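This report refers to the structure that appears directly beneath it.
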Amino acid sequence: MSKVISFQIPKSEKTFIQYQEDRGKYFYNNLHQHPQAQLTLIVEGRGQLLVGDYVGRFEPGDLFLLPESIPHVFRSDADYFQEESNLKIAGNTIFFDFKAMSRAFSEVEDFLELTHLNEKITGCFKINGDTRDEVVALVSRFSEFSGLTRLQQCIYILSLLDFNSDDLAPLNQIPVLRTMNERDGRRMDQVMRFILDNSARQISLEEVAEQAFMSKEAFCRFFKLRTRRTFTQYVQQLRVTEAKKLLLETDLSVSQVSYQVGFPTLSHFNKTFKGLTEMTPKGWRKLE
């Protein structure tokens, strides 16, 4: 059985900012949550990002803002888990404990907007454009900062986040379901691992329900409540996300991509792909 979903960032109860650099063969691959919001820069590595009801890709240069207490995982691609692989990952993350800040600054009017900023982080955002460039420049150097300079740079980074700007692209449907209890967290982690590891083949509802130790009917209710999608819709999204990567990064034919990501027929692949992306697979490949 995999680890419990609850995940604590090593920190003092009185620390607003915690900085972490991840280096290794692959990113932490358990679905998890923590009471801090986070800003993550992908320096190196590729894979699937699962956060709330969102399924998508991450790659070097991507910058994501995640709210507090939302189940998520940056799941590195399968190649990163091969023993003989020389692939590496790198990520820089700043964790923000807004509750700690609120306790310290709640009565200071100058910090009022800052202490309530977490209320605007209602889901996961991908940061693009000029805002991304400015924030990346600071996050890339964040290890150089300490003391008041670190706090100053952190506040400046947060001041750059304009939630009315097109630079902040929301990835989730709103509102996002936050926080799972320990039992549901273990179930979802087990289910997500199974789906990710087997999405390239036909997975039956019975199989995945067994991973959660639930009946098919109970599992369908459980899964849709936490992802806002049926099991079938979620698997299709995973497959299309992987297909988008293969269409851009390989010379495989459309039919080969369809087969490799787990679609039973080419016509089903084409229909599903267009339904989720508003483009045909061939049209997507031309974007390269």
Side-chain angles (χ1 to χ4, degrees), residues 3 5-24 26-45 47-76 89-102 114-128 131-132 134-143 145 150-151 153-161 163 167-172 174-180 185 189:
K3 295 180 182 178
I5 193 172
S6 182
F7 183 80
Q8 293 296 325
I9 309 303
K11 61 181 286 297
S12 161
E13 289 287 328
K14 299 180 180 180
T15 301
F16 168 51
I17 309 161
Q18 185 76 6
Y19 178 66
Q20 177 175 299
E21 293 187 351
D22 294 295
R23 303 290 186 268
Y26 50 81
F27 286 104
Y28 181 76
N29 66 326
N30 286 354
L31 189 71
H32 62 284
Q33 65 188 26
H34 41 72
Q36 299 84 11
Q38 73 179 73
L39 181 71
T40 294
L41 169 64
I42 304 298
V43 179
E44 186 176 0
Q48 298 266 25
L49 169 59
L50 311 182
V51 51
D53 57 19
Y54 175 75
V55 178
R57 298 282 307 167
F58 67 83
E59 60 184 28
D62 283 346
L63 184 67
F64 299 99
L65 177 67
L66 280 67
E68 59 190 32
S69 302
I70 186 171
H72 63 278
V73 61
F74 289 88
R75 175 68 182 259
S76 301
I89 62 90
N92 298 353
T93 297
I94 304 174
F95 297 96
F96 306 101
D97 189 336
F98 286 99
K99 289 185 176 63
M101 167 162 276
S102 181
L114 190 59
T115 57
H116 290 283
L117 183 60
N118 64 320
E119 296 171 8
K120 296 182 180 181
I121 310 174
T122 51
C124 179
F125 293 84
K126 185 176 181 182
I127 304 176
N128 304 306
T131 304
R132 189 206 77 92
E134 284 194 74
V135 174
V136 165
L138 294 168
V139 174
S140 299
R141 298 183 51 217
F142 206 76
S143 62
F145 307 137
R150 174 172 285 203
L151 177 60
Q153 295 299 326
C154 178
I155 292 174
Y156 180 60
I157 288 172
L158 292 174
S159 75
L160 293 172
L161 304 180
F163 291 88
D167 282 357
L168 268 67
L171 302 181
N172 297 110
I174 304 299
V176 172
L177 177 66
R178 301 188 188 188
T179 307
M180 292 185 195
D189 184 47

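Bear in mind the structure is a predicted one, so any value in this text is a computation, not a measurement. The residues of the chain are indexed from 1 along the displayed sequence.
Q38 contributes atom CD, which lies 12.5 Å from atom CD of Q18 (distance to the nearest 0.5 angstrom). Between the CG atom of L168 and the NZ atom of K120 there is a distance of 11.0 Å, given to the nearest 0.5 Å. Annotation: the span from Y54 atom OH to I70 atom CD1 amounts to 12.5 Å, rounded to 0.5 Å. Note: L117 CG to I155 CD1 = 11.0 Å, rounded to the nearest 0.5 Å. In this structure, CG on D189 lies 8.0 Å from CG on N29, to the nearest 0.5 angstrom. Rounded to the nearest 0.5 angstrom, F74 CZ and D22 CG are separated by 9.5 Å.
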Q: Please test K126 against D62 for salt bridge (charged side-chain N to carboxylate O under 4.0 Å, His left out), starting from the C-alpha separation and ending with a verdict.
A: CA-CA 7 Å; K126 185 176 181 182; D62 283 346; 3.4 Å; yes
task: Give the intermediate values and the outcome of side-chain contact (heavy atoms from CB on, under 4.5 Å) for residues R141 and Q153.
output: CA-CA 10 Å; R141 298 183 51 217; Q153 295 299 326; over 6 Å; no
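Under the 4.5 Å side-chain criterion, counting only non-hydrogen atoms from C-beta, I121 is not in contact with F96. Counting heavy atoms from C-beta on, the side chains of I127 and L39 come closer than 4.5 Å. Within the 4.5 Å cutoff, the side chain of C124 has no heavy atoms near those of the H72 side chain. Using a 4.5 Å cut-off on side-chain heavy atoms (C-beta onward), D167 and F125 make no contact.
For the pair E59 and R57, the salt-bridge criterion is not met [side-chain N within less than 4.0 Å of a carboxylate O].
Distance alone, capped at 3.5 Å, is enough to place a donor-acceptor pair between the R23 side chain and the G91 backbone. Under the 3.5 Å distance criterion, the side-chain polar atoms of H32 are left unmatched by any main-chain donor or acceptor of P71. With hydrogens and angles disregarded, no donor-acceptor distance shorter than 3.5 Å links the side chain of N92 to the backbone of L41.
R150 pairs by the side chain to side chain contact (heavy atoms under 4.5 Å, CB included) definition with I17, Y19, F142, F145, not counting sequence neighbours.
In summary, of the residues considered (H34, K99, Q33), a side chain to side chain donor-acceptor pair (under 3.5 Å) with E68 occurs for K99 alone.
Heavy-atom minimum distance, P35 versus S69: CA-OG, 3.7 Å. When every heavy atom of G45 is checked against every heavy atom of P60, the shortest pair comes out as O-CD, 3.3 Å.
Surrounding CZ of F27 are more than 12 heavy atoms belonging to other residues, nucleotides or ligands, all under 6.0 Å away.
A centroid separation of 6.0 Å or more is found between the aromatic rings of F64 and F58.
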